[in-house]
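Letters A, B, ... are given to chains in the order of the sequence lines, protein chains preceding strands, and every chain is numbered from 1.
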There are 2 protein chains.
Amino acid sequence: MSNDLDRLDLKILDRLQIDAGESSSAIAEHVGLSQSPCWRRIQRLKEEGYVKRQVAILDREKFGESMYIFAQLKMSRLSDDQRERFVSALQDIDEVTEAYTLFGEMDVILKVLAPNIAWYQNFTFRRLLRLPGVEDVRSTATLSELKCTHRIPLPSN
Amino acid sequence: MSNDLDRLDLKILDRLQIDAGESSSAIAEHVGLSQSPCWRRIQRLKEEGYVKRQVAILDREKFGESMYIFAQLKMSRLSDDQRERFVSALQDIDEVTEAYTLFGEMDVILKVLAPNIAWYQNFTFRRLLRLPGVEDVRSTATLSELKCTHRIPLPSN
DNA sequence: TATGAAAAGATAATCCC
DNA sequence: GGGATTATCTTTTCATA
């Protein structure tokens, strides 16, 4: 929450979120440090949780056709227990890649990676509508990807 | 597009998209290979583009309040040139983290990382509505993140 | 053609200044 | 924070099946 990060830390973080494969000495050079202080900063940034994890981004087109679909769920009011089961169920569905509650706490938006529309049709009835509290699903299918980044804007960049 | 990947390749890819920080020998152990064939496979998977890139996922909560907002853009019909300028403009707006066209080619959905609603209000008028072809913006603000993964489901997992 | 073992090279991690 | 050192991992080579 607090920002005890200086300009160098931010430059390092931004490089990491663009390419986490670079060596610490390469990053050091780019931000104007030598290897060991740069490595220490990277280490600290990881320990303090600024870097949550490091992942490989796969090319989903290589695995055949697929499409992202945004599903807006109309929810009934849930008990704490029901809500917990709902959230837990979402974690277990690999095709649900993201989920957010919307203002009002009664609706949820999902980003679903579907192989095709027919699969999604089935998924809606067999999975989504059977989750605790889900009353209705309104879906928006995407056609093509214009931009997809995992980079968050950092201060003073 | 084609899948000349065997079960080991898929296991390697899945580990990489969960944690790309692991050493090749650690991955080798997990998938049941020795270090060098595993390393060669990883190399090949990168060369052939199955792995697009490797990134650090930052904890956006560490940088103060922020919220994702989905913006659905109503577009007028664009010439190829206008469309190119529109897509290019999206790439330059750091707060737009994702963009997809919707069925019909006339609408677009954006995922925007906003510091707060007031910022977004201004952003809508000053940036979005000034992009080529944008006629209207309908926004859905998210409240809390229930799930956010960058892992795509792989066959036979 | 693919694997494993092992050497060579690069990088990460630690030390001291 | 920088420079030098050691530990560890990556990458190449080579022998083998």
Side-chain angles (χ1 to χ4, degrees), chain A residues 1-59 62-64 149-152 154-157, chain B residues 1-60 62-63 149-152 154-157:
Chain A
M1 194 76 82
S2 66
N3 255 28
D4 24 30
L5 301 180
D6 62 18
R7 226 174 47 82
L8 283 175
D9 288 326
L10 292 171
K11 284 178 84 170
I12 290 171
L13 285 173
D14 203 33
R15 281 207 81 83
L16 287 175
Q17 69 174 340
I18 291 169
D19 181 4
E22 273 190 330
S23 69
S24 61
S25 34
I27 296 171
E29 194 171 355
H30 282 291
V31 303
L33 269 176
S34 63
Q35 186 261 337
S36 54
C38 181
W39 180 84
R40 275 191 296 257
R41 279 170 183 262
I42 295 172
Q43 212 57 19
R44 177 173 54 78
L45 292 167
K46 287 179 180 172
E47 278 162 12
E48 293 178 352
Y50 291 97
V51 176
K52 281 205 284 195
R53 58 189 189 286
Q54 198 175 126
V55 301
I57 304 299
L58 307 188
D59 185 351
K62 288 276 190 182
F63 303 91
T149 176
H150 307 282
R151 181 184 181 194
I152 66 172
L154 294 179
S156 89
N157 266 294
Chain B
M1 192 78 83
S2 67
N3 254 27
D4 25 28
L5 299 180
D6 63 16
R7 224 174 49 81
L8 284 175
D9 288 326
L10 292 170
K11 285 177 82 170
I12 290 171
L13 285 172
D14 203 34
R15 282 209 78 83
L16 287 175
Q17 68 175 340
I18 292 169
D19 181 4
E22 274 190 329
S23 70
S24 61
S25 35
I27 295 171
E29 193 171 357
H30 283 293
V31 303
L33 268 178
S34 63
Q35 187 263 339
S36 61
C38 180
W39 178 85
R40 274 190 294 260
R41 279 172 184 263
I42 295 172
Q43 211 58 17
R44 177 174 53 80
L45 293 167
K46 287 180 180 171
E47 277 163 13
E48 293 178 352
Y50 291 97
V51 175
K52 280 204 287 195
R53 57 190 189 284
Q54 198 175 126
V55 302
I57 305 298
L58 307 188
D59 186 351
R60 65 187 169 93
K62 289 276 190 181
F63 302 92
T149 175
H150 308 281
R151 182 186 180 192
I152 66 172
L154 294 179
S156 89
N157 267 295

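- The outermost nucleotides of DNA chain C lying under 4.0 Å from heavy atoms of chain A, listed 5' to 3', are C:dT11 to C:dC15.
- Counting only distance, with no hydrogens or angles, the side chain of A:Glu22 and the backbone of A:Leu16 share no donor-acceptor pair below 3.5 Å.
- For the pairing with B:Ile12, the side chain to side chain contact (heavy atoms under 4.5 Å, CB included) check across B:Ile42, B:Val51, B:Leu5, B:Asp6 returns one residue only, B:Ile42.
- Residues that satisfy the side-chain contact (heavy atoms from CB on, under 4.5 Å) test with A:Ser25, not counting sequence neighbours, are A:Ser23, A:Gln35.
- For A:Glu48, the salt bridge (charged side-chain N to carboxylate O under 4.0 Å, His left out) partners two or more places apart in sequence, or in a different chain, are A:Arg44.
- For the pair A:Leu33 and A:Arg41, the minimum side-chain heavy-atom distance is below 4.5 Å.
- To the nearest angstrom, P of D:dT11 lies 16 Å from CZ of B:Arg44.
- Residues B:Asp19 and A:Arg53 are not paired through a salt bridge, judged by the lack of any N-O separation under 4.0 Å between the basic side chain and the carboxylate.
- Look at CD on B:Glu47: it is 11 Å from P on D:dT11, rounded to the nearest Å.
- Heavy atoms only, all atoms of each residue included: B:Cys38 and B:Ser24 are closest at SG-O, 3.7 Å.
- With respect to the salt-bridge test (charged N to carboxylate O, under 4.0 angstrom), the residues A:Asp4 and B:Lys62 do not qualify.
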Paired and unpaired positions of DNA chain D as dot-bracket, Watson-Crick or G-U wobble under 3.5 Å, | denoting a partner strand: |||||||||.|||||||
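- Listed for the A:Gln17 side chain is no donor-acceptor partner under 3.5 Å among the backbone atoms of B:Leu58.
- Within 6.0 Å of CD on A:Glu29 lie no more than 12 heavy atoms contributed by other residues, nucleotides or ligands.
- For NZ of A:Lys46, the number of neighbouring non-hydrogen atoms (other residues, nucleotides, ligands) closer than 6.0 Å is 12 at most.
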Residue pair A:Asp59, B:Tyr50: steps toward the side-chain contact (heavy atoms from CB on, under 4.5 Å) verdict: CA-CA 5 Å; A:Asp59 185 351; B:Tyr50 291 97; 6.0 Å; no
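- Near DNA chain D, defined here as any heavy-atom distance below 4.0 Å, there are no residues from residues 17-25 of chain A.
- Side-chain contact between B:Ile57 and A:Gln54: absent, with no pair of heavy atoms (C-beta onward) separated by less than 4.5 Å.
- Within residues 33-40 of chain B, the residues having any heavy atom closer than 4.0 Å to DNA chain C are, in order of number, B:Ser34, B:Ser36, B:Pro37, B:Arg40.
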